[in-house]
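Report on the following structure.
So that the names make sense, note that chain A is the first sequence line, chain B the second, and so on, each numbered from 1.
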Amino acid sequence: MLNMKLFKEQVELIRADHEKRGISCEPIDTVLELEAQLVDARHQMEMARKERNTAARAIGVAKKSGDAAEIERVMAEVTDLGKRIDELDEAANSLIEQRDRVRMSIPNILHKEVPVGADEGGNTQHSLHGDKPEFDFDARTHNELIEMNKWVELERAAKITGSRFFFLKGDLARLELALQSYAVDFICKRGYTFIQPPVMMNRQAYEGVTDLSDFETVMYGVEPDKLYMVATSEHPLTAMYMDEVIDTALLPIKMVGVSACFRREVGAHGLSDRGIWRVHQFTKVEQIIISDPEDSWQHHEDLLQNCIDLWDSLDLHYEVVNICTGDMGTVAARKYDLEAWLPGADAYKEIVSCSNCTDYQANRLKIRYRKKDNTHASVHTLNSTAVATSRALVAIMEQNQLEDGRVKVPEVLVPYMGKGILEPCSF
RNA sequence: GCCGAGAUCGCAUAGCCUGGUAUCGCGCGUGACUGGAAAUCACGUGGGUCCGUCCCGCGGGAGUUCAAAUCUCCCUCUCGGCGCCA
């Protein structure tokens, strides 16, 4: 959510951003109009309250002096004022609610270097990494590999939960665990603190970190308890500091979290989504930074560099992409994706997403820091995947496959696995 | 799940019984003193603001009252005790 100060002092900035995104400026005008009404309503209410406070204090004085007629007169006056205040208060609250409902739908201000484009076709290449593997046989898709090696149970999982859930078995499950440990170790060596978050959150905290429409399309709700399963550990790890003023000396706070992630994936269909590429539950190692606004763009580059170094060390071929205006979403001000090459699909597909959300989440969550001049300001929040394990498994399987369908383990993971080749499962 | 005690500005803490302007301290900021600093002293230090001897704010919500941090009820969380439990 954008700060009201921005609407009052630099509304041209918001308008210019909407032009760039190719969306209507109408909501901006609505916010300004509601704000003008609110200021007026609030002022009227304050004046009425002032009158009442003054009169009510006079009652205390009059009671001590015992002037019964005077007490009665003032009390009648105060009762009338009370009714008027209630009405004005109700009007003001309704205006705030209307204003913020519109304000929440207004997206973050983009970084000036975000490429302009209508949809994902407008994304541009940032850099290309690793060598594209060559096969002297027909490369298989990950679907074929998991089936011939019996590494994944999709149909049996469907019996007990539904489609898009899975059991991960044997060497592939062990590789998943190895990836988690390796990625956590890798990021911790760079000064991040490992944190395991809760995987459910309440509505209020969740509204602070995500787009409202996500409640319909992304999140699972746990009904009787009014909780939501987290879609990524970014959400609990960012929200954990809500309503706090952080000691400036503690910034930046750098965290690496691991959690199961739950997504409804409403409307996702198609051949490219089969297997374990797009599923309702997967595990993700995530980097989070809570930063002084002055440093956040440097941290954003650092997060990307961590990903590049990590994925280079796995010896995989991928590209880094600049996400364009039309593909950005509401919360991020700038976003890089890593897209791994999948020989089975003959395409580059998203495996990592690295965002600077600037103060957009922090405004909503009221995560502030104390500045030198003793005033408060919102922090910046950043997040980046390190590895989403199920997608990393797909990339490793497809790029490291052998002719017989077995898979070579990346060098750096061999110590975590205790073996260099993934063998088929016996059942 | 049951019983009890709590939640007050960045931190800490008083006010609650007995309703009438949010207290002391620490930290931080500004100024004075100084060659400079420390120490000391003064002022400031939740949000809003049309800058007022203004309005709001004491975990959240409702109620009683002319008036609620203060009284009543409901909820959330924390701490202690008991129970259950991987």
Protein-nucleic acid N or O pairs under 3.5 Å, nucleotides 22-29 of chain B:
residue	atom	partner	partner atom	Å
rC28(B)	O2	Asn374(A)	ND2	3.2

Kindly indicate whether the side chain of [X], heavy atoms from C-beta on, has any atom under 4.5 Å from the side chain of [Y].
X	Y	value
Ser355(A)	Val331(A)	no
Met397(A)	Leu172(A)	yes
Val352(A)	Ser384(A)	yes
His111(A)	Val114(A)	yes
Pro107(A)	Ile23(A)	yes
Lys349(A)	Glu339(A)	no
Thr381(A)	Val209(A)	no

For [X] and [N], what is the distance between atoms [atom1] and [atom2] respectively, to the nearest whole Å?
X	N	atom1	atom2	value
Asp243(A)	rG10(B)	CG	P	11 Å
Ile367(A)	rG46(B)	CD1	P	21 Å
Arg49(A)	rG48(B)	CZ	P	17 Å

Flag for [Y]-[X]: side-chain donor and acceptor within less than 3.5 Å:
X	Y	result
Glu301(A)	Gln305(A)	no
Asn123(A)	Tyr336(A)	no
Asp302(A)	Gln298(A)	yes

| query | Do the charged groups of Lys284(A) and Glu286(A) touch, with an N to O distance under 4.0 Å? | reply | yes
| said: Looking at Lys50(A) and Glu46(A), is any side-chain nitrogen of the basic one under 4.0 Å from a carboxylate oxygen of the acidic one? | reply: no
| Taking only N and O in the side chain of Asn202(A), is any of them less than 4.0 Å away from OP1 or OP2 of rU76(B)? | no
Can you tell me, in whole Å, how much space there is between the [atom1] of [N] and that of [M]?
N	M	atom1	answer
rG46(B)	rA68(B)	P	23 Å
rC16(B)	rC24(B)	P	16 Å
rG19(B)	rG15(B)	P	15 Å
rG80(B)	rG10(B)	P	26 Å
rG27(B)	rU13(B)	C1'	14 Å
rA62(B)	rC79(B)	P	28 Å
rC28(B)	rU72(B)	C1'	40 Å
rA5(B)	rG59(B)	C1'	16 Å

| Val245(A) or Glu51(A): which one's nearest nucleotide on RNA chain B is closer to the 5' end? |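 Nearer the 5' end of the strand: Val245(A).
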| query | Nearest nucleotide by nearest heavy atom, which residue falls closer to the 5' end of RNA chain B, Met45(A) or Arg42(A)? | reply |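 Residue closer to the 5' terminus by nearest nucleotide: Arg42(A).
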Closest approach to the side chain of [X], judged atom by atom: which nucleotide of [options] is it?
X	options	value
His376(A)	rC50(B), rC54(B), rG47(B)	rG47(B)
Lys50(A)	rC50(B), rG48(B), rC54(B)	rC54(B)
Lys8(A)	rG10(B), rU49(B), rC54(B)	rU49(B)

What are the atom names and distances for every N/O pair under 3.5 Å that joins the protein to nucleotides 61-71 of chain B?
residue	atom	partner	partner atom	Å
rC66(B)	N4	Lys63(A)	NZ	3.2

| request: Before giving the answer on side chain to side chain donor-acceptor pair (under 3.5 Å), spell out for His280(A) and Tyr220(A) the whole-Å C-alpha distance, their side-chain angles and the decisive distance to 0.1 Å. | output: CA-CA 10 Å; His280(A) 289 313; Tyr220(A) 281 101; 3.2 Å; yes
| request: Pick base, sugar-phosphate or nothing for Lys83(A), based on heavy-atom distances below 4.0 Å to the nucleic acid. | output: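 Nothing, no heavy atom under 4.0 Å.
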| message | Using O4'-C1'-N9-C4 for purines and O4'-C1'-N1-C2 for pyrimidines, with syn meaning within 90° of 0, is rG52(B) syn or anti? | response |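 Base orientation relative to the sugar is syn.
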| message | Can you give me the dot-bracket string for RNA chain B, 5' to 3', counting Watson-Crick and G-U wobble pairs with both distances under 3.5 Å, using [ ] for crossing pairs and | for partners on another strand? | response | ((((((((.[[...)....(....]]((((((.......))))))(((.....)))..[[[[[..)....]]]]])))))))....
